[in-house]
Number of protein chains: 2
Amino acid sequence: MDEVRLNARMERGELFAERCPSRQVLNHVTSRWGVLVFVALLQGTHRFSELRRKIGGVSERMLAQTLQNLEQDGFVQRVAYPVVPPHVEYSLTEMGQEVAVQVQQLADWIEVNYTRVLAAAQVNESV
Amino acid sequence: MDEVRLNARMERGELFAERCPSRQVLNHVTSRWGVLVFVALLQGTHRFSELRRKIGGVSERMLAQTLQNLEQDGFVQRVAYPVVPPHVEYSLTEMGQEVAVQVQQLADWIEVNYTRVLAAAQVNESV
DNA sequence: ATCAACACTTACCTTTTTGTGCGTACTTAC
DNA sequence: GTAAGTACGCACAAAAAGGTAAGTGTTGAT
């Protein structure tokens with residue numbers, strides 16, 4: 001009994017496969033605000049409003065949603081102190097840090113090299 | 001005169017800033033299909049329809065659009081042979097490979113660890 | 001007494017993204 | 001002769017993402 005169990009051992013995802021659940025994870029991580037949340041939290045614990053101020057252009061609604069997704073996936077830990085006014089702290093879990101390191105490296109490359117990209121885009125303008 | 005000029009030398013982007021153009025680059029790279037195109041092309045040159053078959057679930061329209069974005073940004077090189085039926089080859093530029101390496105590492109982490117994420121998500125189900 | 005701050009949530013609306021289906025121009029295979 | 005493959009572009013429609021504004025409940029500051 002129970003055919004679908006215990007076989008999670010060495011299974012590697014296949015992002016090219018349409019139905020592979022790893023796609024969902026990728027989408028959450030590389031979502032518009034997800035990337036920036038990872039980079040921000042890699043620098044340490046933040047409160048909600050700190051994140052909101054740090055990440056330019058994010059709305060409360062989107063930040064809340066993004067954080068909930070990442071919490072669900074086990075990348076972000078949320079700690080709420082029952083005080084008034086509310087005080088909530090967000091930080092990366094162990095797993096979150098592992099991903100964040102990868103995300104950070106991508107972000108780094110872009111921050112350092114984006115002028116090269118802009119230059120290329122300008123050349124290709126006519127295209 | 002000319003305060004905004006010639007200072008593109010050592011300028012690093014700031015992804016947290018709403019108006020920084022690096023945001024656009026990030027969005028193209030981390031777009032839904034962009035990530036998968038990078039990973040696919042890192043394995044070598046592909047024709048359009050090869051990419052389409054490889055990347056499960058992508059429509060012709062979206063693949064074309066994604067490739068155009070990445071070509072514009074100078075990440076992808078497009079070579080069309082004037083034969084009939086059409087024959088077009090896509091590959092990564094030098095710059096494209098640099099990014100692709102970063103993207104690949106993120107994709108790798110996800111493929112290897114996505115079951116951990118799924119497990120965490122299941123635990124948080126009640127949340 | 002009024003207001004801002006906190007961490008959200010909800011409803012409503014706009015924008016963006018994505019999919020679907022059709023057309024193209026020619027060739028090869030059936 | 002009919003269909004499929006090639007690499008798209010275009011028009012239309014649906015779906016998803018995102019933004020805006022308002023409300024919550026309490027407290028400390030003005």
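Here the structure is a predicted model, which means the values were calculated and not measured. Letters go in sequence order (proteins before strands), and every chain restarts at 1.
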[X] [atom1] to [N] [atom2], straight-line distance once rounded to whole Å:
| X | N | atom1 | atom2 | answer |
| --- | --- | --- | --- | --- |
| A/N27 | D/dA15 | CG | P | 18 Å |
| A/Q65 | D/dG19 | CD | P | 10 Å |
| B/Y81 | C/dT27 | OH | C1' | 20 Å |
| A/E60 | D/dG23 | CD | P | 15 Å |
| B/R52 | C/dT18 | CZ | C1' | 13 Å |
| B/R61 | D/dT6 | CZ | P | 21 Å |
| B/L63 | C/dG19 | CG | P | 11 Å |
| B/H46 | D/dC8 | NE2 | P | 15 Å |

If you look at every strand shown and take non-hydrogen atoms under 4.0 Å, does A/E50 touch a base, only sugar-phosphate, or nothing?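 It contacts nothing in the nucleic acid.
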Of the listed nucleotides [options], the one nearest the side chain of [X]:
| X | options | answer |
| --- | --- | --- |
| B/M62 | D/dG9, C/dG19, D/dT27 | C/dG19 |
| A/V84 | D/dT6, D/dT26, D/dG9 | D/dT26 |
| B/S59 | D/dA7, C/dG19, C/dC8 | C/dG19 |
| A/S49 | C/dC8, D/dA7, C/dA7 | C/dA7 |
| A/Q68 | C/dA7, C/dA5, C/dT9 | C/dT9 |

So, are [X] and [Y] salt-bridged, with charged N and O less than 4.0 Å apart?
| X | Y | value |
| --- | --- | --- |
| A/E94 | B/R116 | no |
| B/E18 | B/R23 | no |
| B/E14 | B/R19 | no |
| A/R12 | B/D108 | yes |

Quick one: does any side-chain atom of A/S22 pair with a main-chain N or O of A/G13 as donor and acceptor, under 3.5 Å?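 A pair under 3.5 Å: no.
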Tell me whether the rings of A/F48 and A/Y90 are parallel (<30°), tilted (30 to 60°) or perpendicular (>60°).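 Ring orientation, 0 to 90° scale: tilted.
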Comparing B/Y90 and A/V58 on DNA chain D - which has the more 5′ nearest nucleotide: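 Final value for this comparison: B/Y90.
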Both B/H87 and A/G57 contact DNA chain D. Taking the nearest nucleotide for each, which residue is further toward the 5' end?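 Closer to the 5' end of DNA chain D: B/H87.
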Same apolar cluster (I L V M F W Y, side chains within < 4.5 Å links), B/V101/A/V35: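 Looking at the clustering, A/V35 is in a separate group from B/V101.
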Roughly how far apart are A/L67 CG and A/R78 CZ, rounded to 0.5 Å?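 Nearest 0.5 Å value for the CG-CZ distance: 9.5 Å.
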Counting only side-chain nitrogens and oxygens, does A/R53 get under 4.0 Å of the OP1 or OP2 atom of C/dA7?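 Answer no for this pair, as no side-chain N or O of A/R53 is under 4.0 Å from OP1 or OP2.
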Given the rule that a pair is Watson-Crick or G-U wobble with both distances under 3.5 Å, how would you write DNA chain C in dot-bracket, using | for pairs to a different strand? ||||||||||||||||||||||||||||||
Residue whose closest nucleotide on DNA chain C lies nearer the 5' end, A/R47 versus B/W33: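 On the 5' side of the pair lies A/R47.
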